[in-house]
S.K.: 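The structure under discussion is supplied below as structure tokens; questions concerning it will follow.
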Protein chains: 2
Amino acid sequence: MNGPDQIHAPIPCSDCGIYQLCLPTSIGQADVDLLDKIVKNRRIFKRGDYLYRLNHPFQSVYAIRSGSVKTYVLMDDGRLQITGFHIAGELLGLSAVNTRVYSCEARALETTSVCEIPFDRLEELGQQVPSLQYQMLRIMSREIAHNQELMLLLGRKNAEERLATYLISLSSRFAKRSYSATEFNLSMSRGDIGNYLGMAEETVCRVLARFEQEGLIAMQRRLVRLKDVDRLSAVARGNGKSESPAELVG
Amino acid sequence: MNGPDQIHAPIPCSDCGIYQLCLPTSIGQADVDLLDKIVKNRRIFKRGDYLYRLNHPFQSVYAIRSGSVKTYVLMDDGRLQITGFHIAGELLGLSAVNTRVYSCEARALETTSVCEIPFDRLEELGQQVPSLQYQMLRIMSREIAHNQELMLLLGRKNAEERLATYLISLSSRFAKRSYSATEFNLSMSRGDIGNYLGMAEETVCRVLARFEQEGLIAMQRRLVRLKDVDRLSAVARGNGKSESPAELVG
DNA sequence: TTGCAAAATTGATTTAGGTCAACTAGCATG
DNA sequence: CATGCTAGTTGACCTAAATCAATTTTGCAA
């Protein structure tokens, strides 16, 4: 039987038999550099370039060295849904497959350098790269927790709470890799943010403007500075409106 | 190295070291019966009884023999969020742990008979029960796909689409275990449905009433009959409002 | 530098759905 | 049988955010 810290090979989709994987997960800048050194398969993408563009999954995982990437799915009715933004230090695979998805794509938001890792080397690399020693199961488990958080966000939170949550989340992701956690570049457009958070582009603008007026943030085009993280966190948690936590009985 | 069809022991939360697991997954009535026969640990819960109620995870998985169960989390601010409804033929564990969750609970929606399976027997049982031979990874992968679907629902869909999606989804779950797929009992309250779908109880009522007027369903208290599944599916997919599938460029 | 297209902002208007409130129907209890 | 009690329904009203529309700003390419 397996030890708990081994990497498992990816598993095929139980419906279609094709491999799938989900791991928009942070492994840290150091381990990305390490991977880059071992794998020697560096690639550069320019803004708008596709990292992949597929009707179905895929052969590689990408460790982002610098820059940023958005992933999204195209639904069978033509709608586009952004599933995540990924920044330096993070591992990028493919988000889950479901029947209504026509194609999964990932494209660079700015000039982006990645290390492309073929699937069949993942196991071997797990021996050498500390953060990959977390097995897939653990990584996926984190992904599920993250999605549940996001579901709460989409189902319950209003525009201000969503955007505050988003900024705080970005901030902590930047913090993990020793960039500034309070001043960073939103490489994605307002429209992208709106799509991701389930609100109109105009609302994103208006709420950001409101945050600025209230002294929570400072903005200059796509550069944000969080001026009052505490208060912003409070907004993200939904303080302000007095929520009655009605304990429902089934 | 592991064969692809083995069960893995659950893995501890990478943050807190405590075990967690997520698997609100259908394994089918036949395999539930099989499990029940092998494990011999049957338990009966009455409406409102707790299957578990914990500040942190947990020792068992439950295979539902009959009845239904809701799972939910209590947030640190006291809010209650329903994370799923589970019916006969499904396996029920614990939905993902996240930092803002204070406690995870599951309670019966009606008189419910389950087979309680201790964690440490999962592996052994995987040898004997076909559907458990899917390894955890695959089960979790399905869970992620399901969550992403739900995220789309919560982020993009309006009240009618949500409720239509919900009914269709329930229908297909019932269909899997040879109950009627077009006539079934909503064992959960309107309030529960609203909580789960992110809308007010009153809106649930109103939309159901509208569906009934339009001849999509027939209702009698908690008993629903789907009269026009095709049209209902169309509503669930969001037909009606002409969505411009703007292809955003990052 | 000019010119153009995409992105962002801001205002006006509309609307879906939340909230509050009243009322009804089932169901359980003494 | 009367008496609540909870779940469900329906109506009135209001608000957050979508939509529509007009500018303004910016980035990029000739």
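Reckoned from all heavy atoms, side chains included, excluding hydrogens, waters and symmetry mates. Being a predicted model, the structure only gives us computed values, none of them experimental. In the text below, chain A, chain B and the rest are named by the order of the sequence lines, each starting its count at 1.
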S.K.: I would like to know whether A:Arg190 and A:Leu208 meet side-chain contact (heavy atoms from CB on, under 4.5 Å); could you show each step before the answer?
M.R.: CA-CA 10 Å; A:Arg190 303 287 191 263; A:Leu208 285 178; 3.7 Å; yes
S.K.: Going by the side-chain hydrogen bond (donor to acceptor under 3.5 Å, both in side chains) test, name the single residue among B:Asp192, B:Thr83, B:Asn195 that passes it with B:Lys70.
M.R.: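 Testing B:Lys70 for a side-chain hydrogen bond (donor to acceptor under 3.5 Å, both in side chains) against B:Asp192, B:Thr83, B:Asn195 leaves exactly one candidate, B:Asp192.
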S.K.: What is the distance, rounded to the nearest whole Å, between atom CG of A:Leu197 and atom P of D:dA17?
M.R.: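 So the CG-P distance, A:Leu197 to D:dA17, works out to 12 Å.
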S.K.: Which residues pass the salt bridge (Lys or Arg N to Asp or Glu O under 4.0 Å) test with A:Arg43, not counting sequence neighbours?
M.R.: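 Only A:Glu116 meet the salt bridge (Lys or Arg N to Asp or Glu O under 4.0 Å) criterion with A:Arg43.
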S.K.: Could you tell me the separation between the CD atom of B:Glu212 and the C1' atom of D:dT10, rounded to a whole number of Å?
M.R.: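 After rounding, the reported distance stands at 14 Å.
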S.K.: Please state how far atom CG in A:Asp192 lies from atom P in C:dA6, giving the value in whole angstrom units.
M.R.: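 Computing the A:Asp192:CG to C:dA6:P distance gives 15 Å.
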S.K.: Might you work through the side-chain contact (heavy atoms from CB on, under 4.5 Å) test for A:Ser171 and A:Leu167, ending with a clear yes or no?
M.R.: CA-CA 6 Å; A:Ser171 162; A:Leu167 290 174; over 6 Å; no
S.K.: Kindly write out the residues that satisfy salt bridge (Lys or Arg N to Asp or Glu O under 4.0 Å) with B:Glu202, not counting sequence neighbours, or none if the list is empty.
M.R.: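 Result, salt bridge (Lys or Arg N to Asp or Glu O under 4.0 Å) vs B:Glu202: none returned.
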S.K.: For the helix from C:dT1-D:dA30 to C:dG30-D:dC1, how many degrees between its two end axes (five pairs per end), to the nearest 10°?
M.R.: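 Angle reported: 40°, given to the nearest ten degrees.
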S.K.: Are any side-chain N or O atoms of A:Arg107 and backbone N or O atoms of A:Gly48, one a donor and one an acceptor, separated by less than 3.5 Å?
M.R.: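 Pair found, side chain donor or acceptor close to backbone of A:Gly48.
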S.K.: Nearest whole angstrom, please: distance from the C1' of D:dG27 to the CG of A:Leu223.
M.R.: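 Between C1' of D:dG27 and CG of A:Leu223: 17 Å.
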S.K.: Report, as a single string ordered 5' to 3', how protein heavy atoms within less than 4.0 Å touch nucleotides 9-22 of chain C: B base, S sugar-phosphate only, - not at all.
M.R.: BBBB----SSBB--
S.K.: Can you list everything that forms a ring pair (Phe, Tyr, Trp, His ring centres under 6.0 Å) with A:Phe184? Sequence neighbours excluded, please.
M.R.: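 Ring pair (Phe, Tyr, Trp, His ring centres under 6.0 Å) list for A:Phe184, sorted by chain: A:Phe174.
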S.K.: Roughly, in whole Å, what's the span from CZ in A:Arg222 to P in C:dA6?
M.R.: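 Atom CZ in A:Arg222 sits about 14 Å away from atom P in C:dA6.
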S.K.: To the nearest Å, how far apart are A:Met188 CE and C:dA8 P?
M.R.: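 Rounding to the nearest Å, CE of A:Met188 and P of C:dA8 are 11 Å apart.
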S.K.: I need the full list of salt bridge (Lys or Arg N to Asp or Glu O under 4.0 Å) pairs touching residues 206-215 of chain B, with sequence neighbours left out, sorted by first then second residue.
M.R.: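 For residues 206-215 of chain B, and leaving out neighbouring residues, the salt bridge (Lys or Arg N to Asp or Glu O under 4.0 Å) pairs sorted by first residue read B:Glu160-B:Arg210.
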S.K.: Take the protein atom CG of A:Leu163 and the nucleotide atom P of D:dA16, then report the distance between them rounded to whole Å.
M.R.: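 My rounded result for the distance is 16 Å.
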